[in-house]
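Computed from a prediction, not measured in an experiment: that's the story for all the values here. All ligand and atom numbering here is 1-based and tracks the order in the structure.
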Amino acid sequence: MGYHRFTASQLGEGAVSQLALPSQDEDVAALRRLIVGKLAYSVGKDPIAAREHDWFLATCLAVRDRTIERWMASTRTTKAEKKKRVYYLSLEFLIGRMLMDSLNNLGLTETMRAALAELGVDLEALRSLEPDPALGNGGLGRLAACYMESMASLGIPAHGYGIRYENGLFRQVIQDGWQQEFPDTWLTHRNPWEFERPEIAIPIGFGGTVEAVHADGTDGHGPAAWTPAETVDAIAYDTPVVGWRGRHVNTLRLWSARAPDPLRLDAFNRGDHVGALEARARAEAISQVLYPSDESSAGEELRLRQEYFFASASLQDLIRRHLDSEPIDTLPDQVAIQLNDTHPAIGVAEMMRLLVDVHHVGWEKAWDITTRVFSYTNHTLLPEALESWPVPLMERLLPRHMQIIYLINALHLDRLRKQGAGDEATLAAVSLIDEHGPRRVRMGALSFLGSHRVNGVSALHTELMKETVFRDFHAHFPGRIVNKTNGITFRRWLHEANPGLTRLLVDVAGPQVLDDPERMARLAEHAHDTALHGRLAAVRRANKERLAAIIDERCGVRVDPDAMFDVQIKRIHEYKRQLLNILETVALYGAMRAHPTADWTPRVKIFAGKAAASYHQAKLIIKLAGDVARVVNADATLRGRLKVAFLPNYNVSLAERIIPASDLSEQISTAGMEASGTGNMKLALNGALTIGTLDGANIEILEHVGQDNIFIFGMTAAEVEARRAAGLDMRETIAASPTLAQALDEIGSGRFSPDEPERYRGLIDAITFHDHFLVSADFDAYAAKQAEVATRWRDPKGWWTSAMMNISQMGWFSSDRAIREYAEDIWNVPPGR
Ligand SMILES: *Cc1c(COP(=O)(O)O)cnc(C)c1O
């Protein structure tokens, strides 16, 4: 064999991080003393009285200490060398647990394990004590977290800006099969990673009045004086973000809302104790909860208050930092601001307000500065997700911003008219104000206009952006739209989540693979090596045993680790088509019962994901998965060859357990509807084969792994569009597919819901008479492809060869690659190491 073998003893068990940082001179005794010191002086506990949670806090504080010097050094270098900084504005950061991530990146995992062992404490036990900060809904928030990690790893000076929600995404409990939402109280035991900065309290205004400041000849472009009716303070909380090998540390700054006057003493003294606190409650509601909607716009006043609150605080903060050493007009040389979706889009108007009203920059110059600093990432084409705000609400809450938006719009439309784009339909299409019905401000249009680059998140998504939402903008601003296909951080999704596979990769491709994921390509030369197949299979098998224990514990379902683990984990949404997967499960169940002695491939269908609390159809799909699971799992005629499990409370930690144990990755969205997906990348990186549609980044995964190593089925985006235009009544399609007809009939007639036979009638009617997501139309292609998957599974050599090919070709999907592209094409900062 032509590759180096590093023996287990050279590496040690679980020694990925030791290998990663051989030069660390950290020693076990020093770390042990540090932890005991933290326990005494910061937690206030004697080791003999300390509980596990006290040890957890002391350990985190010790790890945080280890980042401080590098953090300060990073900031000092950035300042001294006047490096341009990136500001990543995102209403969501789905960061996940941080202890193992920080240890891994600092190369301290094994040292810490040993130090704790000497104290009689188990690192793995501490790991599971950490709350999982869920300050995001799904892919969009997780992308922000991966990008923060990659910017630190590449040494790009960056700040993430967001909101420190007291309550993150709800905790999902399944009761009688139905999703119930409970508050996620991740801060109850204090957060050991953050530094509160009470001295950084930035006033954020709402409402009030605006007066023009008369400067002759400014033609409405001049400064104005805004007197807000209400002010809320934004308090900074900083969390260091450690990059790979601890070389560079960036900052995640999250804002918390605080009332300037916590208590109205006059009211309190009158005996009105509740009224005395009312203003405070209203102010602080801003950072109380994350909006739990995914792929749809909340449209409520509190949401707009959140958006303005964090955009304004962040811009005031970064301008202040800039002005410490530079004049305002060099802002574009020193600052790049990325808008993660339109949630921070009001920042474009806020930047204009700060420049014109506060820093006395002329309008034209201010607009030039604004468009050179901002860029915008679009995440969705779904109409229900495109943000817009009623003009009257904006006028009431942000009167000065509404004026500024009107002026930006008037100048923009004038310019287009002068360029000869006179027809009113075109002008209406690119106006910042939607005039169809009650007038609304279009946040996508504001983001586009205020940015020098607008990016989509996969090749297909970017092309569709040019043809749909931003068609007219694209015509007038050619070159502004660019593609930046999403990526994921391999530190979390490979090194930490799957140490067994990481060791295999190091053995085959050398330790440099930990720094250069493109080296994973070397695995391809060994794709047919059956000894390596055996090793990969053993790693997978161990991961599956761990997951099987979790499934047993959380769902009470016994599964066979030798069965194929067929996995669909993501938010529950009609366009993601969990329903298609469930229908195929029902069809497979029927076939197995009809031919019980046939040679069926044993499968475990694993689902996990949260439904938005107000999304009835999605919650019904969860209920259906549970109903099908109950019937299938109890059917002895199957002899355990089909099991269904819905794992509750999908989050980053659960993803880290499921993904390394997955054989088959379900990426079956209606073509044209999934902007990119990143779950697809995590699963393929860990060697799961994908069954998927030609949608989002599935297409790029296909291009990288080759068509023999992926199972692609179904309509293309163009075919979906044509089919929708032709009508969505599927009665003929269903009549032509007896398997589908039977599955629909069984569900619709209450076979899985004898307690309420009509429960799924509406769901089935929808995909029969108005199948917007083309579930019926894609069913046969999907079922046929699943049969191919089963055949490949029975050929282990073929299966593991494909798995090796998947892993070997996934280097390109590293978020380091994505961030380098942003750095070069959008931010104009050096692309780092
Ligand atoms: C990666 C990830 C997602 C995104 O998954 P998709 O399949 O791309 O929708 C959502 N939630 C969590 C917890 C994740 O880790």
Side-chain angles (χ1 to χ4, degrees), residues 90 92-98 101 131-150 168-172 184 186 290 292-296 340-341 379-380 382 385 457-458 460-461 485-494 496-498 567-578 581 606-612 618 647-662 664-670 673-686 688 690-693 695-701 810 813-815 818:
S90 181
E92 304 190 8
F93 286 93
L94 189 50
I95 47 187
R97 288 172 172 160
M98 305 228 295
D101 197 49
D132 186 325
L135 309 184
N137 275 286
L140 176 151
R142 185 52 234 175
L143 186 76
C146 283
Y147 282 0
M148 285 304 296
E149 202 272 356
S150 272
L169 186 58
F170 62 85
R171 185 163 53 86
Q172 179 194 55
D184 159 61
W186 68 292
L290 166 78
S293 52
D294 173 67
E295 306 281 351
S296 76
N340 194 26
D341 212 320
H379 282 272
T380 178
L382 299 183
V457 289
S458 74
L460 173 68
H461 169 66
T485 300
N486 284 168
I488 55 172
T489 168
F490 287 18
R491 270 74 64 179
R492 184 178 287 267
W493 297 110
L494 177 63
E496 279 167 67
N498 201 344
V567 169
Q568 189 170 21
I569 48 173
K570 47 184 77 250
R571 287 298 289 249
I572 311 295
H573 208 294
E574 287 163 282
Y575 85 80
K576 292 179 183 275
R577 294 200 298 192
Q578 281 90 358
N581 190 350
I606 298 167
F607 295 89
K610 293 175 182 173
L647 275 163
N649 203 35
Y650 183 55
N651 59 14
V652 172
S653 305
L654 188 56
E656 287 168 2
R657 290 296 188 203
I658 298 174
I659 288 166
S662 300
L664 186 66
S665 161
E666 300 266 359
Q667 308 299 337
I668 59 177
S669 51
T670 312
M673 301 196 77
E674 186 74 88
S676 162
T678 48
N680 48 2
M681 301 170 190
K682 299 168 197 165
L683 283 150
L685 173 64
N686 281 274
T690 302
I691 182 167
T693 46
D695 200 14
N698 293 354
I699 295 173
E700 282 124 307
I701 294 177
M810 288 305 291
F813 295 89
S814 163
S815 43

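- Within ligand 1, counting atoms from 1 as listed, the ones closer than 4.0 Å to a heavy atom of Thr678 are 1 (C), 4 (C), 8 (O).
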Evaluate the criterion side chain to side chain donor-acceptor pair (under 3.5 Å) for residue pair Glu149 and Thr489; output intermediate values, then yes/no. CA-CA 7 Å; Glu149 202 272 356; Thr489 168; 2.9 Å; yes

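- The nearest protein atom to atom 12 (C) of ligand 1, hydrogens excluded, is given as Tyr650 CE2, 3.6 Å; this is a heavy-atom distance.
- Close approach of ligand 1 to Gly677 (heavy-atom distance below 4.0 Å) involves ligand atoms 8 (O).
- The closest donor-acceptor contact from the side chain of Ser669 to the backbone of Lys576 lies at 3.5 Å or more, if one exists at all.
- The atoms of ligand 1 that sit less than 4.0 Å from any heavy atom of Gly139 are 3 (C), 4 (C), 10 (C).
- Ligand-side atoms of ligand 1 in range of Trp493: 15 (O), range being under 4.0 angstrom from any heavy atom.
- Looking at residues two or more places apart in sequence or on another chain, you find no ring pair (Phe, Tyr, Trp, His ring centres under 6.0 Å) involving Phe93.
- Ranking the protein heavy atoms by distance from atom 5 (O) of ligand 1 puts Gly679 N, 3.8 Å first.
- Between Lys570 and ligand 1, at least one pair of N/O atoms sits closer than 3.5 Å.
- Comparing heavy-atom distances from atom 14 (C) of ligand 1 across Lys682, His573, Glu656 singles out Lys682 as nearest.
- A side-chain donor from one of Gln568 and Asn581 sits under 3.5 Å from a side-chain acceptor of the other.
- Nearest to atom 9 (O) of ligand 1 among the protein's heavy atoms is Lys576 NZ, 2.8 Å.
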Side chain to side chain donor-acceptor pair (under 3.5 Å), that's the test. Do Thr678 and Asn486 meet it? Break it down for me. CA-CA 7 Å; Thr678 48; Asn486 284 168; 5.7 Å; no

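- Here is the list of ligand 1 atoms found below 4.0 Å of a heavy atom in Asn651: 13 (C).
- Here is the list of ligand 1 atoms found below 4.0 Å of a heavy atom in Gly138: 10 (C), 11 (N).
- Atom CD1 of Ile659 and atom CH2 of Trp493 lie 5.0 Å apart (nearest 0.5 Å).
- Proximity of a side-chain donor or acceptor of Lys610 to a complementary backbone N or O of Phe170 within less than 3.5 Å is detected.
- Every ring pair (Phe, Tyr, Trp, His ring centres under 6.0 Å) that His573 has, sequence neighbours left out, goes to Tyr575, Tyr615.
- When heavy-atom distances to ligand 1 are checked against a 4.0 Å cut-off, Arg571 has no atom that comes that close, whether in backbone or side chain.
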